[in-house]
Asker: 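Before we start, here is the structure in question, set down as structure tokens.
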Amino acid sequence: MGIFFLYLTALLPMPLLYCLSTALYHFVYHITGYRKNVVRDNLERSFPGKSTTEIEVIEKRFYRFLCDLIFEIIKMPLISKAELEKRCKFTNLHHIEALLAGKKSVIVCSSHYGNWEWGMLAFGIKVSSPKLVVYKPLHSPAFDIWFHKMRSRFGNTMVSMKQTLRVLASSRNIPSVLCLASDQTPETDQAKYWIDFLHQPTAVYTGPEKIAVQTDRAIFYIKVRILKRGYYELDCVLLSEEPKKTAEHEITKKQFKLLTESILAEPQYWLWSHKRWKHKQQSA
């Protein structure tokens with residue numbers, strides 16, 4: 001029933017969905033207060049120099065965007081190629097295309113900034129080579145199937161995190177693009193690297209860098225800029241064309257430097273409702 005309702009909602013045009021988003025914002029922010037304590041704590045620790053008033057402004061803008069993001073994701077099963085390409089403009093994509101044309105595979109990293117879901121869906125339209133998009137399966141089978149179907153509409157092949165290395169091994173002779181998030185919180189049993197991110201020690205996931213070094217794939221970061229409501233610019237920034245020649249953690253540091261620049265410029269577009277700092281660094 002829930003999936004059927006989502007499909008019905010997806011039939012609505014974007015202007016009407018944004019009207020629903022505005023209504024949802026007032027309900028989520030002013031009535032339910034969804035994860036407001038998490039958001040406020042994350043913001044206060046990340047921007048210690050800002051006043052309470054300034055924090056509240058960012059907080060409200062974040063919730064407005066979060067509600068937009070919800071309806072933009074709901075629209076994904078039915079959004080047309082033409083509309084998606086109009087709303088997601090890529091810059092410097094030719095660097096990736098040139099490497100693929102030269103029979104060299106690449107890695108593309110994104111973060112939870114802006115609409116990463118639309119970004120990966122639009123990427124599937126723009127690049128003809130195989131796209132392997134790493135994802136974490138959802139606990140709900142019905143919603144997992146729904147997400148899987150809409151994420152793969154335009155040529156992306158969804159790969160479960162646990163199957164990443166196996167799929168890479170089986171496709172090593174075919175130029176392809178491995179797409180994955182680089183700002184997620186490491187699982188408890190995963191290797192962690194600690195950096196200073198937004199004024200606090202942060203455990204970061206080093207998987208993209210490790211895979212790039214092991215497979216010698218060129219690695220890019222998608223830096224997102226929001227042009228206006230529902231319109232995004234996605235810049236393909238080269239992190240390294242020869243990862244094996246980089247210093248340890250050099251690529252990971254570059255990723256987070258670029259993400260930090262985006263957050264400092266327009267903080268409301270990052271996913272502040274996530275418990276990003278649940279790991280605590282052990283003192284030596």
Asker: With a 6.0 Å cut-off on ring centres, are H199 and F47 close enough?
Answerer: no
Asker: Could you tell me whether the side chain of H95 reaches within less than 4.5 Å of the side chain of L238, counting heavy atoms only?
Answerer: no
Asker: Taking the side chain as C-beta and beyond, is there a heavy-atom pair between H26 and I31 under 4.5 Å?
Answerer: no
Asker: Is any side-chain heavy atom of V127 closer than 4.5 Å to a side-chain heavy atom of V108?
Answerer: no
Asker: Taking K223 first and then E261, would you say they form a salt bridge - that is, a charged N and a carboxylate O separated by under 4.0 Å?
Answerer: yes
Asker: Looking only at non-hydrogen atoms, find the nearest pair between A10 and I74 and report the distance.
Answerer: CB-O, 3.3 Å
Asker: Below 30° counts as parallel, above 60° as perpendicular, anything between as tilted: where do the rings of W272 and W270 land?
Answerer: perpendicular
Asker: Report yes or no: does T246 contribute a side-chain atom to a donor-acceptor pair with the main-chain N or O of P243 at less than 3.5 Å?
Answerer: yes
Asker: Looking at R229 and R87, what are the two nearest heavy atoms and their distance?
Answerer: O-NH1, 4.2 Å
Asker: Do the charged groups of K126 and E85 touch, with an N to O distance under 4.0 Å?
Answerer: yes
Asker: Would you check if the side chain of R45 reaches a backbone N or O of L198 as a donor-acceptor pair within less than 3.5 Å?
Answerer: no
Asker: Does K89 make a cation-pi contact with Y231 (under 6.0 Å, within 45 degrees of the axis)?
Answerer: no
Asker: Please verify the inter-ring angle class for F256 with F197; under 30° counts as parallel, over 60° as perpendicular, anything in between as tilted.
Answerer: perpendicular
Asker: Over all heavy atoms of both residues, which pair between S129 and P175 is shortest? Give the atoms and the distance, please.
Answerer: CB-O, 3.9 Å
Asker: Between H112 and H274, is there a side-chain heavy-atom distance shorter than 4.5 Å?
Answerer: no
Asker: Any luck finding a side-chain donor-acceptor pair between S176 and R217 under 3.5 Å?
Answerer: yes
Asker: Which atom pair, heavy atoms only, marks the closest approach of I219 to P208?
Answerer: CD1-O, 3.8 Å
Asker: Can you see whether T91 engages E233 through a side-chain donor-acceptor pair at a distance of less than 3.5 angstrom?
Answerer: no
Asker: Going by the side chain to side chain contact (heavy atoms under 4.5 Å, CB included) test, name the single residue among V237, D235, L234 that passes it with I222.
Answerer: L234
Asker: Under the 3.5 angstrom rule, does the side chain of K75 hit a backbone N or O of L12 as a donor-acceptor pair?
Answerer: yes
Asker: What orientation do F143 and W146 show, parallel under 30°, tilted 30 to 60°, or perpendicular over 60°?
Answerer: perpendicular
Asker: Check step by step if side-chain hydrogen bond (donor to acceptor under 3.5 Å, both in side chains) holds for Y221 and S111.
Answerer: CA-CA 9 Å; Y221 175 79; S111 61; 2.9 Å; yes
Asker: Please find the pair of heavy atoms, one from L99 and one from E241, that lie closest to each other, and give the distance.
Answerer: CD2-OE2, 3.5 Å
Asker: How close do E72 and Y232 get, heavy atom to heavy atom, and via which atoms?
Answerer: OE1-OH, 2.7 Å
